[in-house]
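What follows is a single structure, written as structure tokens, with notes after it.
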Amino acid sequence: MKLTVLCILTLLISSCSKNFTDPQAFSLIPADFKVIAKVDIDKATKINGLGSRLLYERKRKPTLQILPIKDIQTLYLAAGSAKATAEKGGLYISQMKTNTDLEKLVKNFMVDFSKDKEVILGKSKFNDLIIHTIRDKKQEIAICQVGPKTCIGGPLKQVLASLKCGEKNIQNNKTLQKYMTSGKDADMAIYILSSEDGGSLFQGVNFFETGFITISGQNDATHISIQTDCLDEETAKKTTSALTVIRTLLLYSKAKYIKAQDIVISQKGKAAIAVANLSKEAMNDLFEKD
């Protein structure tokens, strides 16, 4: 469960046209992407342990450092697979609370790195949009404003894939639409449209076809729900058994903070389900970075 969220958590703008409007977030995600996370920043940053981990991960990603986190309403992370998120191959979509001047924010960012010769900032264009690039010895990332309150960022390849996807986007995916209904009120929701190439997702468990995770802070506890949907009941049984093994390992390593009754594993037809209610201490131990 820890690895599932972390591979996900691993997180993200001047107008390029006077009359452009904010697109729907899912219209910016290519149709072949398989993992999408939706984060309510105000709520998620208040979740014990997980909130501080989000702030830590932000410091490690220049595209997210450019944006004042207090001004982000909703942050999306999308990738071709769970493995791609762990390999920093994700696309970030930031929906801001108010109109944003990316040009100004990038200039401020440039001042901070003006003496660092290993960090090179540049610009390119895609149609009438300006793509800002940041390159160092390890990678080249990009950030682009596509609406008054909407920005995309990540590896340049992913940003271009988003800008080029057009009608070949993910917003009409029926499985995603179904899962979004279940996760609409969550502080954080993660939608898995394929377990293939899952990397460390569920510690390698990939019997299931699709699934979703919701996380919400509730007073001093955090509620985490995982549902994995399988092709048949037999596969669901295998997935339930695999989740039970992960639960056992977690109880063994975190016995000080997590008890057996805190995590319940069950099977419902073709679905394997895990529900956890974790204390403040357990969440801090799982997610806070030393």
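Predicted model only: the values in this text are computed from it and were never measured.
Atom-to-atom distance recorded for Lys34:NZ and Ile29:CD1 is 12.5 Å, nearest 0.5 angstrom. Once rounded to the nearest 0.5 Å, the distance linking CE of Met180 with CD1 of Ile36 reads 9.5 Å. Rounding to the nearest 0.5 Å places CZ of Phe33 at 7.5 Å from OG of Ser162. Atom-to-atom distance recorded for Leu28:CG and Gln95:CD is 8.5 Å, nearest 0.5 angstrom. Between the CG atom in Leu91 and the OH atom in Tyr76 there is a gap of 12.5 Å [rounded to 0.5 Å]. Tyr257 contributes atom OH, which lies 14.0 Å from atom CE of Met283 (distance to the nearest 0.5 angstrom).
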Inset, instruction - Go through the steps to decide whether Ile66 and Ile134 satisfy the test side-chain contact (heavy atoms from CB on, under 4.5 Å), and finish with yes or no. - result: CA-CA 11 Å; Ile66 291 173; Ile134 306 167; 3.8 Å; yes

Inset, instruction - Determine, stepwise, if the pair Leu77 / Ile190 fulfils side-chain contact (heavy atoms from CB on, under 4.5 Å). - result: CA-CA 9 Å; Leu77 166 64; Ile190 302 164; over 6 Å; no

Inset, instruction - Test side-chain contact (heavy atoms from CB on, under 4.5 Å) on Phe126 and Cys144 and set out the steps. - result: CA-CA 10 Å; Phe126 180 87; Cys144 177; over 6 Å; no

Inset, instruction - Could you walk me through whether Val159 and Ile143 pass the side-chain contact (heavy atoms from CB on, under 4.5 Å) test, one step at a time? - result: CA-CA 7 Å; Val159 170; Ile143 190 165; over 6 Å; no

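Side chains of Thr222 and Asn277 form no contact here, defined as non-hydrogen atoms less than 4.5 Å apart. Residues Glu281 and Asn48 are not in side-chain contact: their nearest non-hydrogen atoms beyond the backbone lie 4.5 Å or more apart. Residues Leu156 and Ile131 are in side-chain contact: their nearest non-hydrogen atoms beyond the backbone lie under 4.5 Å apart. In this structure, Leu193 and Ile170 have side chains that are in contact, with non-hydrogen atoms separated by less than 4.5 Å. The shortest side-chain heavy-atom distance between Gln227 and Ile213 does not fall under the 4.5 Å cut-off. Side-chain atoms of Ile263 and Val275, non-hydrogen and from C-beta on, never get closer than 4.5 Å to each other. In this structure, the side chains of Phe212 and Ile192 stay at 4.5 Å or more apart for every pair of heavy atoms.
In this structure, Asp101 contributes its side chain and Glu103 its backbone to a donor-acceptor pair below 3.5 Å. Within the 3.5 Å criterion, the main-chain N or O of Gly147 finds a donor-acceptor partner in the side chain of Gln145. Between the side chain of Ser94 and the backbone N or O of Leu75, no donor-acceptor pair lies under 3.5 Å. Remark: the backbone N or O of Leu231 is not paired with any side-chain donor or acceptor of Thr235 at under 3.5 angstrom. Asn169 places a side-chain N or O within donor-acceptor distance of the main-chain N or O of Gly166, the cut-off being under 3.5 Å. A distance-only check finds a donor-acceptor pair linking the side chain of Ser195 to the backbone of Phe208 [under 3.5 Å]. A donor-acceptor pair is defined here as one N or O able to donate and one able to accept, closer than 3.5 Å; such a pair exists between the side chain of Lys97 and the backbone of Lys70. The backbone N or O of Val146 sits nowhere less than 3.5 Å from a side-chain atom of Thr150 that would complete a donor-acceptor pair. One N or O on the side chain of Thr100 and one on the backbone of Thr98 form a donor-acceptor pair closer than 3.5 Å. Gln177 places a side-chain N or O within 3.5 Å of a backbone atom of Gln171 that can act as its donor or acceptor partner.
By the 6.0 Å contact criterion, CD on Glu167 is open, its count of non-hydrogen atoms from other residues, nucleotides or ligands being 12 or less.
Taking hydrophobic clusters as Ile, Leu, Val, Met, Phe, Trp and Tyr residues chained together by side-chain heavy-atom distances below 4.5 Å, Leu55 shares a cluster with Leu50. One hydrophobic cluster, built from ILVMFWY side chains closer than 4.5 Å, holds both Ile224 and Leu251.
Contact record, Asp42 with Thr45: O-OG1, 3.3 Å, taken as the closest heavy-atom pair. Contact between Ala186 and Ser216 at its shortest, heavy atoms only, is CA-OG, 3.4 Å. When all heavy atoms are compared, the tightest approach of Gly90 to Ala79 is CA-CB, 4.1 Å. Residues Ala25 and Ile93 approach most closely at O-CD1, 3.5 Å, considering heavy atoms. The two residues Ala161 and Pro30 have their closest heavy-atom pair at O-CG, 3.8 Å. For the residue pair Pro68 and Met96, the shortest heavy atom distance occurs at O-CE, 4.3 Å.
Sorted pairs that involve residues 218-247 and meet salt bridge (Lys or Arg N to Asp or Glu O under 4.0 Å), not counting sequence neighbours, are lacking altogether.
Under the side-chain contact (heavy atoms from CB on, under 4.5 Å) criterion, Lys268 pairs with Ile273, not counting sequence neighbours.
Using a 3.5 Å distance cut-off with no hydrogens or angles, the side chains of Thr210 and Tyr191 do not pair a donor with an acceptor.
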